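Contents: one structure, followed by commentary.
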Amino acid sequence: MDSPQTPMCSAKGCRADARWVLVWNNPKLHTPDRRKTWAACEEHREHLSQFLGVRGFLKEVVALADWTPDTEAS
């Protein structure tokens, strides 16, 4: 999956290829069914998950290889 279309990690300053999709929702800003995503590399997956999790925003973590936009509705 190391093609030009591989998303980069969402961590500040990281330019590594993403391997994970973090699905989240901020209930103060988004309707309950709305899903936002961050991409994460192996190194930043846990940090970004904790950042979202502490705030109660994290809904799920999905391997990029398994991610489809249809996953957003689940």
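Just so it is clear, the structure is predicted and the values come from calculations on it, not from any experiment.
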Throw together a table of side-chain donor-acceptor distances under 3.5 angstrom for residues 43-54, partners on residues two or more places apart or in other chains.
unit_1: Glu46; atom_1: OE2; unit_2: Gln50; atom_2: NE2; d: 3.1
unit_1: Ser49; atom_1: OG; unit_2: Arg45; atom_2: O; d: 2.8

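- Residues satisfying the side chain to side chain donor-acceptor pair (under 3.5 Å) test with Trp20, not counting sequence neighbours, are Glu42.
- We find the NZ-CG distance between Lys36 and Leu22 to be 14.0 Å, quoted to the nearest 0.5 Å.
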Identify all side-chain donor-acceptor contacts of residues 7-14 below 3.5 Å with residues at least two apart in sequence or on another chain.
unit_1: Ser10; atom_1: OG; unit_2: Ala39; atom_2: N; d: 3.0
unit_1: Ser10; atom_1: OG; unit_2: Ala39; atom_2: O; d: 3.2

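- Identified under the side-chain hydrogen bond (donor to acceptor under 3.5 Å, both in side chains) test for residues 23-32, with sequence neighbours left out: Thr31-Asp33.
- Under the 4.5 Å side-chain heavy-atom criterion for ILVMFWY residues, no single connected hydrophobic cluster contains both Val62 and Trp38.
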